[in-house]
There are 2 protein chains.
Amino acid sequence: MPKSTTAERILDAAQILFAIKGFAGTSLRHITSKAGVNLAAVNYHFGSKEKLMRAVFERTLTPFCDSLEKQLLSHGQSGGEPLTLEELFEIMVSTANNVYGDDSKEFSRFMRLMGLAYAQTQDELRGFLGARYGMVFRRFLVHVKLAAPEMPPKELFWRIHFALGAAVFTLASFGGLQEVLLNDYKMDVGLSDVVTRLVPFMAAGIRGEVEVE
Amino acid sequence: MPKSTTAERILDAAQILFAIKGFAGTSLRHITSKAGVNLAAVNYHFGSKEKLMRAVFERTLTPFCDSLEKQLLSHGQSGGEPLTLEELFEIMVSTANNVYGDDSKEFSRFMRLMGLAYAQTQDELRGFLGARYGMVFRRFLVHVKLAAPEMPPKELFWRIHFALGAAVFTLASFGGLQEVLLNDYKMDVGLSDVVTRLVPFMAAGIRGEVEVE
DNA sequence: CAGTGTTTTAAACGGATGTTTTAAACCTAC
DNA sequence: GTAGGTTTAAAACATCCGTTTAAAACACTG
């Protein structure tokens with residue numbers, strides 16, 4: 001017997017299904033069926049499918065962004081020397097780990113949602129996410145700028161997106177890649193293996209010598 | 001009066017709409033309406049919506065992969081010293097440019113489709129793409145291995161995916177990022193700017209020192 | 001226990017979806 | 001020009017979609 005509320009059960013089911021099948025590919029009937037609640041409950045508790053999707057993103061992103069912002073602020077006002085790139089990315093990783101646990105499945109789902117959010121173009125979801133969480137991103141960008149002060153801003157802008165793209169993309173498709181590695185290379189790897197490889201890659205890519213400007 | 005055939009017009013419209021709205025978010029009626037053909041033409045020429053999507057991917061990916069494979073083969077049997085990482089990625093870039101022209105829009109659409117393909121998990125599309133184009137990817141991987149011989153295979157596997165993730169992700173969302181840059185930073189950048197920054201980033205990330213194994 | 005506000009339920013709404021059918025139009029070759 | 005195969009056309013198919021309704025069940029307060 002589930003102790004969770006109807007709204008929570010809907011959010012849980014929606015988050016899983018959105019991550020697998022995308023937003024348009026997931027119907028309210030799938031969600032309510034998986035959640036074991038009545039179809040009308042979605043519109044009763046959230047108003048519409050669009051608002052449900054926002055709620056899913058909000059529930060997923062808010063704890064992560066709040067925790068990340070708090071850590072960035074504490075390091076920012078300590079007056080000490082700025083954080084290195086590795087430390088910055090490690091903060092992101094540990095924040096994600098603290099918030100979502102080291103549950104590989106859940107973490108991958110979160111990253112898949114991030115990828116979906118990022119991939120949105122025309123939908124109003126992108127605007128919503130930018131307005132809601134753009135501030136944290138800009139604060140993170142300031143820290144990266146401090147960590148790589150010699151880098152031209154334009155170059156840095158793109159390299160950060162390269163690095164985040166590498167992270168989101170790889171972690172979002174982690175499940176699939178894990179399967180490939182096991183079948184083709186007989187290697188069984190965990191999520192933490194990938195993350196520990198990812199941080200040096202991102203740092204090295206950002207720090208790489210500037211060729212032209 | 002269009003000289004193109006009905007099947008071609010359907011493929012053109014489907015490619016554009018899939019890239020914008022995703023697969024599930026695009027209806028056959030949208031496609032046929034945009035293509036200016038009858039609704040039943042899709043099932044007549046392609047059999048089903050699923051097969052139409054495969055045809056779109058096939059038409060988009062085949063020229064690129066064929067051309068890429070040809071270049072990799074020619075460099076492989078020349079017997080000279082192996083290609084550098086930069087040269088390898090430049091080959092990918094120039095191949096993409098030759099096949100899709102430097103039309104920024106079309107290139108971005110192609111990358112968006114790549115991102116969609118990559119993001120697929122459970123759908124049979126992933127299996128189809130792996131079976132159809134996995135060979136080219138493995139051949140590319142061999143060249144990367146030659147370019148970074150000191151790198152442990154496991155580490156290399158992940159770094160390649162990091163690099164490809166950075167590329168696909170950034171280029172797929174290029175349109176959106178371009179807008180952000182223009183609005184927030186008053187910078188107007190072209191696709192070629194990003195690509196010339198991307199190649200050094202990928203090379204530097206892959207070449208970075210190995211920390212642990 | 002009655003009453004009231006909240007939540008859940010079943011059913012139906014209009015519309016959109018992928019697919020199929022049947023007939024018309026087209027084109028080519030005899 | 002007419003027969004036969006190919007392509008298009010309009011319409012209908014059953015099913016699924018997001019949303020709404022109205023009544024039943026529940027939870028709580030007085």
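This one's a predicted model, so the numbers in the text were calculated from it and none came from an experiment. Order of the sequence lines sets the chain letters (A, B, ...), proteins ahead of strands, with each chain counted from 1.
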Compute the ring centroids of A/His161 and A/Phe169, then answer whether they are less than 6.0 Å apart.
no

Contacts table for residues 36-48 of chain A: side-chain donor-acceptor under 3.5 angstrom, sequence neighbours left out:
unit_1: A/Asn38; atom_1: OD1; unit_2: A/Ala40; atom_2: N; d: 2.9
unit_1: A/Ser48; atom_1: OG; unit_2: A/Lys51; atom_2: N; d: 3.2

Identify whether NZ of Lys or CZ of Arg in A/Arg197 sits under 6.0 Å from the centre of the six-membered ring of B/Phe162 and within 45° of that ring's axis.
no

Side-chain H-bond candidate by donor/acceptor type, B/His30 with B/Ser27, under 3.5 Å
yes

Value rounded to 0.5 Å, distance of CG in A/Leu88 from CG in A/Leu83:
5.0 Å

Within this structure, what is the CD-CZ distance for the pair B/Glu155 and A/Phe201, rounded to the nearest 0.5 Å?
10.0 Å

Quickly work out the [X] [atom1] to [N] [atom2] distance and round it to whole Å.
| X | N | atom1 | atom2 | value |
| --- | --- | --- | --- | --- |
| B/Arg9 | D/dT8 | CZ | C1' | 13 Å |
| B/Asn38 | D/dA11 | CG | P | 11 Å |
| A/Ile31 | D/dT19 | CD1 | C1' | 14 Å |
| B/Lys21 | C/dT17 | NZ | C1' | 15 Å |

Contacts under 3.5 Å, N or O only, protein and nucleotides 14-17 of chain D:
unit_1: D/dC17; atom_1: OP1; unit_2: A/Ser27; atom_2: OG; d: 2.8

With side-chain hydrogen bond (donor to acceptor under 3.5 Å, both in side chains) as the test, pick out the partner of B/Gln15 among B/Arg59, B/Arg109, B/Arg112.
B/Arg59

Keeping B/Thr62 on the side-chain end and B/Glu58 on the backbone end, is there a donor-acceptor pair under 3.5 Å?
yes

Please tell me if B/His45 has a side-chain N or O lying less than 4.0 Å from either OP1 or OP2 of D/dT8.
yes

Taking OP1 and OP2 of C/dG18, is either one under 4.0 Å from a side-chain nitrogen or oxygen of B/Ser48?
no

Which parts of nucleotides 20-28 of chain C does protein reach within less than 4.0 Å, heavy atoms only, written one letter per nucleotide 5' to 3' as B for base, S for sugar-phosphate only and - for none?
BB-------

